[in-house]
Amino acid sequence: MKMKNQRPSGQSLPGDRQAGGSGEPWPYEDIVHLPHHVSGKHPPMSMSRRAAQFAPFAALTGYDDTIAEAARQAEETFNNCVDTPVHYTS
């Protein structure tokens, strides 16, 4: 019986000596073959709740509104300058 997250036969990881790696010991050799831990205390988290942990968030509240307002003011200033006729004197 194959355990969950067990490496399929024939596959190797970086640094595996038997796979012709660099010959250097891989830092996680001692734990890479251990079975995946399953908590006896906490039920597994749903995929949607787990995904929500990694979803983007607004680190700076109001930042988008501030940028939008600055853009609006810049456009207004530009439009006022363009609409104002320039009179050249010689």
Side-chain angles (χ1 to χ4, degrees):
M1 180 169 117
K2 188 185 275 190
M3 295 180 156
K4 184 177 180 182
N5 289 347
Q6 186 179 20
R7 177 184 357 180
S9 61
Q11 281 191 340
S12 60
L13 295 172
D16 276 357
R17 291 186 183 145
Q18 69 272 19
S22 65
E24 296 294 318
W26 194 50
Y28 306 106
E29 273 184 286
D30 57 336
I31 63 170
V32 73
H33 302 293
L34 295 177
H36 178 73
H37 172 75
V38 178
S39 173
K41 184 177 181 181
H42 302 286
M45 188 180 291
S46 71
M47 292 297 271
S48 60
R49 291 197 61 190
R50 182 165 169 73
Q53 289 183 336
F54 301 101
F57 64 98
L60 302 172
T61 332
Y63 180 75
D64 291 336
D65 295 335
T66 303
I67 296 298
E69 177 62 18
R72 187 194 63 74
Q73 290 175 0
E75 186 174 352
E76 184 179 307
T77 301
F78 175 77
N79 289 337
N80 289 340
C81 291
V82 171
D83 293 340
T84 305
V86 177
H87 299 288
Y88 295 100
T89 57
S90 323

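When a residue number appears, it is its place in the shown sequence, counting from 1.
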Original post:
Are Arg72 and Glu75 ion-paired here, with the side-chain N under 4.0 Å from a carboxylate O?
Top reply: no
Subject >> Shared hydrophobic cluster for Phe54 and Met45 (ILVMFWY, side-chain gaps under 4.5 Å) >> reply: no
Subject >> Heavy atoms from other residues, nucleotides or ligands near CD of Gln53 exceed 12 (cutoff 6.0 Å) >> reply: yes
